[in-house]
Number of protein chains: 2
Amino acid sequence: MNTNCAVCSNRSSCFNTLSINELQKVSENKNEILFRKGETIIKQDASAKHIYFIKSGLAKVHVQDESKNLILEIAGKSSMLGITVLNHNKRYNFSATAMENVEVCEIDIDVISNIITNNVAFSSTIINELNVSIDKLLTKVFCLSQKNIQSRMAELLVSFSDQTFKSRSFTIPMSRTDLAEITSMAKENVVRILKEFEGQGYIKVNGKHFEILDYDRLSKLC
Amino acid sequence: MNTNCAVCSNRSSCFNTLSINELQKVSENKNEILFRKGETIIKQDASAKHIYFIKSGLAKVHVQDESKNLILEIAGKSSMLGITVLNHNKRYNFSATAMENVEVCEIDIDVISNIITNNVAFSSTIINELNVSIDKLLTKVFCLSQKNIQSRMAELLVSFSDQTFKSRSFTIPMSRTDLAEITSMAKENVVRILKEFEGQGYIKVNGKHFEILDYDRLSKLC
DNA sequence: TTATTTTTTTGATATATATCAACAAATTTA
DNA sequence: TAAATTTGTTGATATATATCAAAAAAATAA
């Protein structure tokens with residue numbers, strides 16, 4: 001069950017920069033785990049001991065306080081979770097929860113930190129990954145603070161189509177409340193806006209199954 | 001006017017990890033520039049040729065589109081601007097504008113990239129810096145999307161007191177519109193909330209001069 | 001299967017926040 | 001200095017969005 005990283009076809013491209021010895025070290029310090037729907041992969045404020053690599057399934061990445069919850073991202077295959085705490089935080093500054101069955105590789109954070117301090121090509125790819133995250137966060141913070149709820153919902157549907165599901169037709173493993181927590185709106189408004197978009201002929205909705213009918217006009221709303 | 005980085009007492013702690021040769025290389029590929037109030041230091045979407053290190057003065061870091069502007073951060077002494085595009089973007093994904101006279105070191109991005117691919121201790125400090133930025137962005141995105149305008153304004157005043165000015169009493173080099181663009185609210189509401197806080201005895205405001213009178217109760221609003 | 005719980009949907013209403021308009025104050029320009 | 005422009009302030013109003021409540025539908029448990 002515990003594939004050697006050296007021969008793993010699923011691994012992150014980051015790992016292409018590792019030596020045989022380093023891959024061996026990672027292999028020896030990783031676990032493959034199946035998280036079931038609803039299970040917590042990473043808990044905000046818990047001490048950061050691992051980074052996680054998603055092999056299959058979708059997980060929500062979210063930040064919480066006592067009463068509020070904001071979903072930052074739906075992470076899928078090939079996502080690395082936890083690198084944003086490297087060299088900085090001792091605790092995770094976000095949570096990750098499985099939205100369906102999710103297979104992950106759990107890797108010791110010390111092993112990764114150690115490779116970073118020795119392998120300059122690897123740390124360079126980590127810098128790249130972090131900057132991709134920052135880029136997404138910049139888009140997110142601008143979108144959430146400056147755009148109206150229609151525009152935010154349109155943007156979400158387009159990103160589902162382009163990135164998450166890579167298809168104009170998809171089934172989401174999440175509730176209306178989840179959609180509300182991604183777009184930072186009331187769940188009742190999720191229902192109303194989806195209905196509005198359906199009325200305009202932009203999309204077709206059937207429970208959790210979505211179809212993008214007019215991608216261009218939907219994009220224009222963003 | 002062009003101090004050698006090897007002997008510069010202002011330099012970022014990141015540069016402590018550089019060799020004599022690397023410091024020499026940086027020195028040869030940097031400019032010291034004085035930006036005057038209102039001048040653009042970094043323009044969003046412009047091709048990324050430099051990173052900037054602030055030696056003195058305050059600059060706003062902001063993201064824009066045709067009609068909206070969101071200020072992410074007030075960057076001061078010792079801030080590095082532009083490292084979030086390393087290894088990833090060819091263009092800046094934010095703007096930076098001087099709010100008062102700002103002295104900066106402008107360093108060739110290629111020189112920095114080159115050091116990153118050779119000096120593992122330096123890239124480790126960059127990873128740390130990036131993760132500090134991500135941490136701030138996570139706080140920002142949660143605050144802007146989940147908290148009301150009173151809470152956002154309280155948080156801003158506390159951060160001015162704790163981080164930006166490191167004093168309970170400070171004079172801000174920015175307009176009410178700037179405050180509105182940091183907290184993502186209408187400028188009229190900035191005026192109203194400041195007045196409300198003054199009425200509650202939390203702060204004292206005189207034009208651009210602020211005094212925090214009841215830090216604890218102000219903090220509780222956040 | 002029926003019963004129970006959870007999620008989704010709808011309409012009515014409340015509320016937070018933005019916008020508008022007009023004026024005052026401060027700053028800049030002539 | 002006065003004139004012009006920008007910035008700050010206030011109150012009235014509009015609007016976007018959230019909340020509440022109740023019913024319908026779907027999922028889960030008995």
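Proteins get letters first, then strands, A, B, ... in listed order; numbering begins at 1 in each.
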* Asked: Looking at Leu221(A), Val205(A), Asp214(A), which one forms a side-chain contact (heavy atoms from CB on, under 4.5 Å) with Phe197(A)?
  ->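 Testing each of Leu221(A), Val205(A), Asp214(A) against Phe197(A), the sole residue satisfying side-chain contact (heavy atoms from CB on, under 4.5 Å) is Leu221(A).
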* Is there a donor on the side chain of Arg192(A) or the base of dT19(D) sitting less than 3.5 Å from an acceptor on the other? ->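 Indeed, a donor on one side and an acceptor on the other fall under 3.5 Å apart.
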Which of the following nucleotides, [options], is nearest to the side chain of [X]?
X	options	value
Val191(B)	dA18(D), dT10(C), dT9(D)	dT9(D)
Asn148(B)	dT17(C), dT19(D), dA21(C)	dT17(C)
Asn189(A)	dT17(D), dT8(C), dT19(D)	dT17(D)
Ala186(B)	dG8(D), dT19(C), dT7(C)	dT19(C)

* To do: Tell me whether the OP1 or OP2 atom of dA26(D) has a side-chain N or O from Lys208(A) closer than 4.0 Å.
  =>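 Result: no.
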* To do: Check whether any side-chain N or O of Gln150(B) sits under 4.0 Å from OP1 or OP2 of dT17(C), and answer yes or no.
  =>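 For Gln150(B), the contact criterion (side-chain N or O under 4.0 Å from OP1 or OP2 of dT17(C)) is met.
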Nearest-angstrom distance from the residue atom [atom1] of [X] to [atom2] of [N]:
X	N	atom1	atom2	answer
Met174(A)	dA27(D)	CE	P	16 Å
His209(B)	dG8(D)	NE2	P	17 Å
Glu181(A)	dA18(D)	CD	C1'	15 Å
Ile193(A)	dT8(C)	CD1	C1'	16 Å
Glu188(B)	dC20(C)	CD	P	10 Å
Arg176(A)	dT7(C)	CZ	P	13 Å
Lys147(B)	dA16(C)	NZ	P	17 Å
Glu196(B)	dT9(D)	CD	P	15 Å

* For Ser184(A), which contact category applies under a 4.0 Å heavy-atom criterion: base, sugar-phosphate, or nothing? ->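 Sugar-phosphate: the residue Ser184(A), judged by heavy atoms under 4.0 Å, touches backbone atoms but no base.
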* To do: Give Lys187(B) one of three labels, base, sugar-phosphate or nothing, depending on what nucleic acid heavy atoms sit under 4.0 Å from its own.
  =>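 Nothing: the residue Lys187(B), judged by heavy atoms under 4.0 Å, touches no strand.
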* Distance from Ile212(A) atom CD1 to Ile203(A) atom CD1, nearest 0.5 Å? -> 6.5 Å
* **Spacing of CG belonging to Asp178(B) relative to NZ belonging to Lys60(B), to within rounding of 0.5 Å** => 4.0 Å
* Please check if atom NZ in Lys187(B) has more than 12 non-hydrogen atoms from other residues, nucleotides or ligands closer than 6.0 Å. =>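 For Lys187(B), atom NZ is not crowded (no more than 12 foreign heavy atoms under 6.0 Å).
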* Given DNA chain C, 5'-ward residue of the pair Met185(B) and Lys37(B), judged by closest heavy atom ->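 Its nucleotide being nearer the 5' end, the pick is Met185(B).
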* Say whether, by atom type as modelled, one donor and one acceptor occur between the side chain of Lys166(A) and the main chain of Gln163(A) under 3.5 angstrom. =>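 Judged by distance alone, yes, a pair lies under 3.5 Å.
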